[in-house]
Amino acid sequence: MRNVIIEKNHKIAPDIYEMILLSKELSHEGFPGKFVNLYLNDGAHLLPRPISICEVDRENHRTRLIYAVVGKGTKILSSKKEGEKLKVMGPLGNGFKIDEKIDRNLVIGGGIGTPPLLELVKQLKGDTKVYLGFRENPILVEDFEKLGAEVHIATEDGSQGHKGNVIELLEKHDVNADSIYSCGPKPMLRAVAKWSREKNIPAQLSLEERMACGIGACLVCTCKINTEDEKWEYKRVCKDGPVFLRDEVIWE
Amino acid sequence: MRNVIIEKNHKIAPDIYEMILLSKELSHEGFPGKFVNLYLNDGAHLLPRPISICEVDRENHRTRLIYAVVGKGTKILSSKKEGEKLKVMGPLGNGFKIDEKIDRNLVIGGGIGTPPLLELVKQLKGDTKVYLGFRENPILVEDFEKLGAEVHIATEDGSQGHKGNVIELLEKHDVNADSIYSCGPKPMLRAVAKWSREKNIPAQLSLEERMACGIGACLVCTCKINTEDEKWEYKRVCKDGPVFLRDEVIWE
Amino acid sequence: MKKSSLEVNIAGINLKNPVMTASGTFGSGREYGEFVDLNKLGAVVVKGVSPTPWKGNPTPRVAETHGGMLNSVGLQNPGVDAFIKNDIPFLRQYDTKIIVNVVGKTIEEYCQVAERLATEDIDMLELNISCPNVKEGGVAFGTDRNKVEEVTKAVKKYAKQPLIVKLSPNVTDIAEMAKAAVEGGADALSLINTLTGMAIDIHRKRPVLANVIGGLSGPAIKPIALRMVYQVAQAVDVPIIGMGGIMTGEDAIEFMLAGATGIAVGTGNFINPMATVEIIEYMEKYLTDHNIEDINEIINGLII
Amino acid sequence: MKKSSLEVNIAGINLKNPVMTASGTFGSGREYGEFVDLNKLGAVVVKGVSPTPWKGNPTPRVAETHGGMLNSVGLQNPGVDAFIKNDIPFLRQYDTKIIVNVVGKTIEEYCQVAERLATEDIDMLELNISCPNVKEGGVAFGTDRNKVEEVTKAVKKYAKQPLIVKLSPNVTDIAEMAKAAVEGGADALSLINTLTGMAIDIHRKRPVLANVIGGLSGPAIKPIALRMVYQVAQAVDVPIIGMGGIMTGEDAIEFMLAGATGIAVGTGNFINPMATVEIIEYMEKYLTDHNIEDINEIINGLII
Ligand SMILES: Cc1cc2nc3c(=O)[nH]c(=O)nc-3n(C[C@H](O)[C@H](O)[C@H](O)COP(=O)(O)OP(=O)(O)OC[C@H]3O[C@@H](n4cnc5c(N)ncnc54)[C@H](O)[C@@H]3O)c2cc1C
Ligand SMILES: Cc1cc2nc3c(=O)[nH]c(=O)nc-3n(C[C@H](O)[C@H](O)[C@H](O)COP(=O)(O)OP(=O)(O)OC[C@H]3O[C@@H](n4cnc5c(N)ncnc54)[C@H](O)[C@@H]3O)c2cc1C
Ligand SMILES: Cc1cc2nc3c(=O)[nH]c(=O)nc-3n(C[C@H](O)[C@H](O)[C@H](O)COP(=O)(O)O)c2cc1C
Ligand SMILES: Cc1cc2nc3c(=O)[nH]c(=O)nc-3n(C[C@H](O)[C@H](O)[C@H](O)COP(=O)(O)O)c2cc1C
Ligand code: FES
Ligand code: FES
């Protein structure tokens with residue numbers, strides 16, 4: 001548990017907020033795909049909220065989070081003032097594994113699943129293509145571009161980039177790669193799994209599940225994972241994940 | 001229900017805070033002995049906290065409260081920032097009845113029961129003597145003095161005024177009066193009841209009880225009151241009180 | 001789209017909307033009438049009424065708990081005669097239904113109140129066999145399947161208005177109690193009354209409540225209440241009035257999806273005196289947002 | 001004044017302090033070991049262990065509620081063999097007691113686990129007849145007086161370590177269940193397990209939990225848990241381990257005054273991973289402040 005200071009907490013798009021936390025340890029341990037548990041300090045909403053690490057600035061001890069206000073907890077979070085303290089646990093979980101020998105990386109993000117991919121792209125070696133899908137307002141596009149990545153956008157309403165979903169765009173561009181990294185809503189991940197399997201490209205997928213402890217002790221956040229010995233077992237998204245290999249994941 | 005602004009909220013003595021609320025209606029309806037219900041807006045502590053009106057400044061729409069931090073709710077209250085909004089219900093209850101024809105008023109306060117007597121003293125006509133008892137740190141003494149009242153202090157530790165309790169001081173000074181107004185801890189009120197009965201001076205006493213609704217609907221805040229027809233009945237401190245006539249109150 | 005209808009029917013009585021006040025938390029409406037337009041409410045459920053005046057329990061009668069409260073009022077009330085004289089005429093000024101919560105120490109006492117009210121201008125009776133704060137009657141009747149049936153059957157004989165039976169949650173099998181009440185002749189069921197609980201002042205080493213044990217209410221108990229409403233809705237066919245921790249419109253919709261035709265707000269009034277009317281407004285909004293014309297469509301509408 | 005003693009004895013086992021972890025909320029201690037020095041705890045109560053691996057229920061398995069949470073994990077565990085192999089050696093590295101929560105679908109299964117553990121280096125068994133999240137076994141045993149006695153008696157024959165029976169709060173009369181367990185041979189009792197509850201997503205019109213109904217835990221249920229511990233302490237003479245909503249040292253002292261010899265923290269760990277050690281520190285302070293030399297003096301110390 002760390003008591004960290006909120007340096008910034010402000011709206012960057014409709015219902016989307018950026019929060020910058022100040023903590024040396026947090027920024028130094030924040031690897032791509034890991035998440036933090038934020039404690040709301042509210043008597044009605046007791047459970048911590050898991051939010052992915054979007055980016056770290058180790059020099060200035062900054063950890064950047066991007067979150068959507070979707071319910072009461074994230075609403076409370078959005079009302080926290082700059083300078084306030086926040087109880088944080090983490091970084092938690094197993095992030096993306098980066099194979100430095102790989103040449104062509106393909107990063108696929110969807111909606112509020114986009115943020116954790118930013119720190120990833122920063123650390124990837126080789127050539128990186130970024131495909132992002134949104135319902136309407138894209139976020140973080142400039143941030144990805146600043147890193148020198150080739151960024152392609154799809155929006156469902158066609159307000160920016162390709163009108164439709166990101167898989168269509170990948171197919172349209174006939175993209176190829178050596179390794180895929182993806183985070184986004186379940187239907188998108190499922191489509192990425194299918195597409196990447198067809199293309200025979202290995203993929204790492206970051207999953208989401210409702211959590212309580214966040215550290216592997218309570219077994220509420222499980223997902224079905226293929227095992228060698230048995231047919232499948234429930235693994236913990238918080239501790240064994242959130243990033244899993246595509247071929248481990250069983251879709252329901 | 002009113003949503004009022006906190007103009008001030010700061011410590012004035014160990015564990016004692018002053019809060020100034022800005023609201024025209026509140027200040028205009030705030031008569032001596034009435035109280036307000038403060039809503040903490042905290043998911044764990046749902047019930048409103050009853051706090052007496054200490055003083056009103058009708059011209060500037062100010063209502064002054066003085067409260068002791070004794071538990072979690074008053075702790076939360078003390079952490080409210082100036083400029084924040086606070087949900088308030090009230091003024092509630094029946095306050096002190098002021099008989100303008102009376103010459104010699106005697107006001108007896110104890111500890112955190114002292115604040116509501118300030119607005120009372122401001123409004124009393126005739127000669128007013130104020131006797132206040134405290135465990136250690138007296139509060140509001142200068143405020144009473146500024147109103148031109150004759151103020152006498154007793155402290156249990158003898159750090160100021162008479163060492164001992166306020167009844168001893170009354171007896172020592174052989175005080176007499178036409179009407180008594182009192183607010184303070186139960187043991188003190190009981191002693192005031194006994195002493196005033198012996199002296200044959202009518203007295204109004206402000207009682208305290210744990211509350212829920214604060215407006216007379218739930219019947220949790222009752223106290224035993226003498227009635228003509230029956231022997232006694234439970235009356236509501238919040239709605240029928242908090243101020244009762246001495247001879248109505250049945251002590252347990 | 002035309003304005004959605006909030007009207008519901010409980011045992012033959014039409015309510016303009018499903019929102020009521022929970023017995024014992026709203027007096028007879030007089031006090032909250034300063035904050036809430038009583039004409040807006042589906043019904044006012046008044047505090048428990050006994051054949052003769054009851055004094056109730058000693059104070060303290062309330063303890064705040066995390067997300068809830070304990071009370072041990074013990075059904076203090078001025079008796080059915082005073083109620084008829086003072087409260088019915090007051091409430092009849094408003095365009096809302098009147099539901100009278102009936103209490104007694106014995107089956108005979110329950111029957112006396114029902115009989116006395118038979119000729120009065122009220123809309124329904126709510127049989128309270130679930131108050132945990134009295135030694136006799138109350139929950140003693142509500143936790144035994146046979147007694148539930150027996151007392152319901154007895155009161156039903158005297159009742160001229162539709163009879164709601166209010167169930168206690170302090171039981172192993174709520175569905176069984178519901179069935180017993182229906183077999184006894186209940187026209188509707190209401191649930192839940194409070195769960196028995198306790199709080200201790202660790203520095204004085206004493207219970208906070210003078211009565212030691214009290215009834216737990218408020219948002220803390222909502223998941224339990226909701227589960228019970230759901231289980232009862234699966235078990236019986238009479239309309240259900242759901243309550244227990246309802247604070248917001250969202251909470252109320254949860255209860256209706258679980259199977260409640262009406263809902264009642266108790267402790268919620270203490271925390272937000274405007275809760276009832278805000279819930280009614282939310283219901284309208286919810287129906288509009290979801291393109292539903294009639295609130296009856298969502299009752300028991302949970303998809304499993 | 002010398003440092004107050006926190007040592008308590010439960011069924012012949014000495015614990016350095018009364019503070020334990022509630023089964024299912026602390027894994028086998030490995031995960032929380034990063035935040036809490038396990039050497040400081042009175043005991044670690046591990047998650048439910050069955051004869052063979054259990055997969056548990058589908059997700060979502062958790063729903064947050066006002067001041068609490070619902071879970072429907074359904075006793076996922078790798079089975080007693082894996083537990084013995086992986087978890088006992090890990091926990092034995094620490095200076096704390098090991099209590100194993102035992103689950104089964106039939107009386108035979110409960111007995112199998114007890115038998116398998118008889119020769120293992122653990123300190124106590126906790127018989128879980130109160131899990132609301134499994135179809136067979138679990139709470140089905142815990143809500144019937146005769147079954148409570150029967151399963152306790154059966155397991156007692158195989159148990160080589162003292163046997164704690166964990167009671168379900170979803171009953172009309174907790175004292176009766178406690179007596180039944182003691183008659184069956186329980187050396188100690190623990191309570192409460194979770195209360196059954198429900199939550200609904202009103203926009204999807206579906207239950208939040210895949211399992212529809214789950215177990216409610218956390219501070220919301222504390223008043224109920226405390227009342228039950230008090231009632232059981234009045235009814236039986238065996239030591240009680242109290243739990244249900246304990247978050248702070250103050251909460252823990254309430255349970256001990258009500259009659260608990262030990263206390264366990266469950267949901268509290270999720271909200272504050274340091275809860276257990278902070279409670280131990282508070283206990284020391286409370287005893288010092290109140291001039292009490294031995295924590296045993298406050299057990300059942302409530303003044304009525
Ligand atoms: C590993 C991980 C990383 C995440 N990273 C981000 C991120 O970077 N940015 C972001 O905006 N969101 C992220 N989420 C989702 C985020 O945790 C939820 O949106 C948030 O918890 C919702 O809280 P609420 O109180 O506003 O919603 P409510 O619906 O009121 O919450 C009720 C309960 O459900 C849980 N819950 C609700 N939605 C989700 C969800 N989608 N995933 C997990 N739990 C949920 C809440 O934590 C809470 O316990 C992540 C989730 C996980 C599991
Ligand atoms: C009519 C009235 C006027 C009051 N005026 C003042 C005032 O001007 N200044 C002041 O400092 N205090 C005043 N009090 C007492 C004040 O309401 C309590 O000190 C306060 O509610 C304690 O809240 P807490 O959460 O800090 O304490 P906790 O003990 O944590 O509160 C737990 C519960 O008990 C109730 N409670 C605890 N102590 C009291 C008490 N003494 N009286 C009533 N309820 C209590 C709380 O409201 C809450 O519901 C007044 C009380 C009443 C009834
Ligand atoms: C202070 C108080 C008094 C109550 N008195 C009664 C009563 O007289 N009759 C009754 O049937 N229920 C009574 N109840 C129970 C409520 O009607 C309701 O069933 C319960 O509080 C749960 O709803 P809630 O969580 O919305 O309060 C009382 C509850 C409270 C808090
Ligand atoms: C996620 C979770 C899993 C649980 N698993 C078990 C279990 O395996 N065996 C058991 O006896 N109790 C189990 N329980 C119940 C707890 O041990 C405890 O009795 C209950 O949660 C009340 O305590 P609390 O409010 O401190 O959490 C579980 C509770 C939770 C929240
Ligand atoms: S949230 Fe507890 S195991 Fe993942
Ligand atoms: S607090 Fe409800 S009647 Fe006084």
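A, B, ... follow the sequence lines: proteins, then strands. Residue 1 opens every chain.
Of the listed residues (N272(D), V208(D), T59(D), T25(D)), the greatest number of heavy-atom pairs within a distance under 4.5 Å of chain A belongs to T59(D).
Of the candidates E7(A), E119(A), E18(A), E18(A) is the only one forming a salt bridge (Lys or Arg N to Asp or Glu O under 4.0 Å) with R64(A).
Looking at K47(D) and E31(D), no side-chain N of the basic residue comes within less than 4.0 Å of a carboxylate O on the acidic one, giving no salt bridge. Salt-bridge check for K75(A) with D15(A): failed, with every basic side-chain N at 4.0 Å or more from each acidic carboxylate O.
For chain D, the nearby part of Y39(A) is the side chain; its heavy atoms alone come within less than 4.5 Å. Proximity to chain A is limited to the side chain of F35(D), based on heavy atoms less than 4.5 angstrom apart. Of the atoms belonging to S72(D), not a single heavy atom falls under 4.5 Å from chain A. The part of M89(A) that comes within reach of chain D is its side chain, from C-beta onward, which places non-hydrogen atoms under 4.5 angstrom from that chain. Neither the backbone nor the side chain of K224(A) comes within less than 4.5 Å of any heavy atom of chain D. Neither the backbone nor the side chain of P78(D) comes within contact range of chain A; no heavy atom of the residue lies under 4.5 Å from a heavy atom of that chain.
Of the possible donor and acceptor atoms, one in the side chain of N17(D) sits under 3.5 Å from a partner among the backbone N and O of K40(D).
Checked against side chain to side chain donor-acceptor pair (under 3.5 Å), E29(A) has the following partners two or more places apart in sequence or in another chain: R2(A).
With F83(D) as the aromatic partner, R116(D) does not meet the cation-pi criteria of under 6.0 angstrom to the ring centre and within 45 degrees of the ring axis.
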